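Labels below follow one simple rule: chain letters A, B, ... track the order of the sequence lines, proteins then strands, and each chain is numbered from 1. Quantities reported herein were computed from a predicted structural model and do not represent experimental measurements.
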There are 2 protein chains.
Amino acid sequence: MRRDVFQAIADPTRRAIIALIAFQALTPNAIAENFNTSRQAVSKHLRILTECELVKQEYQGREIYYSLELNKMKEIDKWLEQYRRIWENKFNQLDNVLSKMKKQPKK
Amino acid sequence: MRRDVFQAIADPTRRAIIALIAFQALTPNAIAENFNTSRQAVSKHLRILTECELVKQEYQGREIYYSLELNKMKEIDKWLEQYRRIWENKFNQLDNVLSKMKKQPKK
DNA sequence: TATATGCGCAACCTTTCGGTTTCGCAAGTT
DNA sequence: AACTTGCGAAACCGAAAGGTTGCGCATATA
């Protein structure tokens, strides 16, 4: 099950989880208390976030603290960079961008 | 059917389409030629991209040219901004970020 | 040792996604 | 007028998403 950062942040609940644990590591139960969702649902989201390495776990007794993996967030920033270059009108390597995306394999 | 920018960029084919039309407006057929996908499939993606205003149409005879709506791309950048502030260690309004996300309504 | 708690995991269900096929229509072409 | 072409829309389908419920297990607590 190949996970993708973009797919991970597509879900609004997952973005909310990301925001929650951005500054402090939290357990699944603590996270779930912040939404109208069950602990299991949060757990599933955390699994997806962990799989694509947007989130890291830290075991502490029987509790697991989840926190944000900022480096992975930079990956999104890196993708945006090419377009930021356009709207800031400094597109030096534009053909690079284009050729990289052409003839993309299906899916 | 409320569309979301984050959901729109979740699909790899849609990201490829975005990259394709970033510098030049293209018709659905022209876009489809760049992938192993049918024109109809591309058309569906364009519909989603148009719905969330990531893409704009320009009618020209019986052809429709699609091009990127850069302003909407900035919306993603804006979301990332809060986290960029963290990894650049200049989080001035961090509690602002946190409180905004708490008690989020379900979904 | 018995009980409560925190957790992941699997099974299940409904909804959505992404694709194909088929259609209808408007705009060009002959 | 007849044909071709570019397109969106609808119907259909298998796969995946996101939720719930129930389970098993390890860790704490009585």
Side-chain angles (χ1 to χ4, degrees), chain A residues 1-21 24-67 101 104-107, chain B residues 1-21 24-67 101 104-107:
Chain A
M1 206 187 299
R2 203 75 228 86
R3 292 293 179 183
D4 186 285
V5 191
F6 296 98
Q7 199 229 334
I9 63 166
D11 184 85
T13 304
R14 281 197 291 269
R15 287 199 300 281
I17 291 176
I18 288 173
L20 257 182
I21 63 174
Q24 53 176 334
L26 289 177
T27 64
N29 267 322
I31 294 170
E33 279 168 12
N34 285 274
F35 315 107
N36 304 333
T37 319
S38 67
R39 199 248 326 152
Q40 284 87 342
V42 169
S43 208
K44 275 185 112 178
H45 285 305
L46 286 171
R47 191 160 111 77
I48 291 170
L49 290 169
T50 307
E51 270 177 13
C52 74
E53 296 170 300
L54 256 176
V55 145
K56 58 172 178 282
Q57 318 171 294
E58 196 182 320
Y59 292 79
Q60 196 166 307
R62 70 178 161 183
E63 295 184 331
I64 305 178
Y65 284 84
Y66 288 86
S67 59
M101 286 302 186
Q104 183 110 343
K106 187 167 186 178
K107 271 228 85 169
Chain B
M1 206 187 297
R2 203 74 228 88
R3 293 292 178 182
D4 186 288
V5 192
F6 296 97
Q7 199 228 333
I9 63 166
D11 185 84
T13 304
R14 281 198 291 269
R15 287 200 302 280
I17 290 177
I18 288 174
L20 257 182
I21 63 174
Q24 53 175 335
L26 289 176
T27 64
N29 267 322
I31 294 170
E33 278 168 11
N34 285 275
F35 315 106
N36 305 333
T37 319
S38 68
R39 201 252 322 155
Q40 283 87 343
V42 169
S43 208
K44 277 185 108 179
H45 285 305
L46 285 172
R47 190 160 113 76
I48 290 170
L49 291 168
T50 307
E51 270 176 11
C52 74
E53 297 170 300
L54 256 176
V55 146
K56 58 171 178 284
Q57 318 172 294
E58 197 183 320
Y59 293 80
Q60 198 166 307
R62 70 177 161 183
E63 295 185 331
I64 305 178
Y65 285 84
Y66 288 86
S67 59
M101 285 302 185
Q104 181 111 342
K106 187 169 186 177
K107 269 227 87 168

Does [X] have a side-chain nitrogen or oxygen under 4.0 Å from the phosphate oxygens OP1 or OP2 of [N]?
X        : N       : answer
Ser38(B) : dG19(C) : no
Thr27(A) : dC7(C)  : yes
Gln7(A)  : dA17(D) : yes
Ser43(A) : dG8(C)  : yes
Asn29(A) : dT5(C)  : no

Donor-acceptor pair, side chain of Arg14(A) and main chain of Ala8(A), under 3.5 angstrom: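 Here the side-chain-to-backbone pair exists.
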Protein-nucleotide distance ([X], atom [atom1]; [N], atom [atom2]), rounded to Å:
X        : N       : atom1 : atom2 : answer
Arg47(B) : dG6(D)  : CZ    : P     : 22 Å
Ile9(B)  : dG18(C) : CD1   : P     : 13 Å
Ile17(B) : dG19(C) : CD1   : C1'   : 13 Å
Tyr65(B) : dC7(D)  : OH    : P     : 8 Å
Leu49(B) : dC17(C) : CG    : C1'   : 14 Å
Asn36(B) : dG18(C) : CG    : P     : 17 Å
Gln57(A) : dG8(C)  : CD    : P     : 7 Å
Phe35(B) : dG19(C) : CZ    : P     : 11 Å

Pairwise side-chain contact, Pro28(B) with Leu46(B), heavy-atom cut-off 4.5 Å (strictly under):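 In contact.
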Student check: side-chain heavy atoms of Leu20(A) and Phe35(A) closer than 4.5 Å: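 Yes, their side chains come closer than 4.5 Å.
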Donor-acceptor pair (no angle test) under 3.5 Å: [X] side chain, [N] base:
X        : N       : value
Gln40(B) : dG6(D)  : no
Arg14(A) : dG18(D) : no
Lys44(B) : dG8(D)  : no

5' precedence on DNA chain C between Arg62(A) and Leu46(A) (nearest-nucleotide basis):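 Here Arg62(A) is the residue nearer the 5' end.
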Residue closer to the 5' end of DNA chain C, Tyr66(A) versus Gln60(B) (nearest nucleotide):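 Residue closer to the 5' terminus by nearest nucleotide: Tyr66(A).
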Which atom of Cys52(B) lies closest to which atom of Arg3(B), heavy atoms considered: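 Looking at all heavy atoms of both residues, the shortest contact is CB-CB, 3.7 Å.
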Heavy-atom pair of closest approach, residues Ile9(A) and Arg15(A):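 Result for this residue pair: O-NH1, 2.7 Å.
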Candidates dG18(D), dG19(C), dG19(D) - which lies nearest the side chain of His45(A):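 For the His45(A) side chain, the nearest candidate turns out to be dG19(D).
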Along DNA chain D (nearest heavy atom to each residue), the more 5'-positioned of Pro28(B) and Ile48(A):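 Closer to the 5' end of DNA chain D: Pro28(B).
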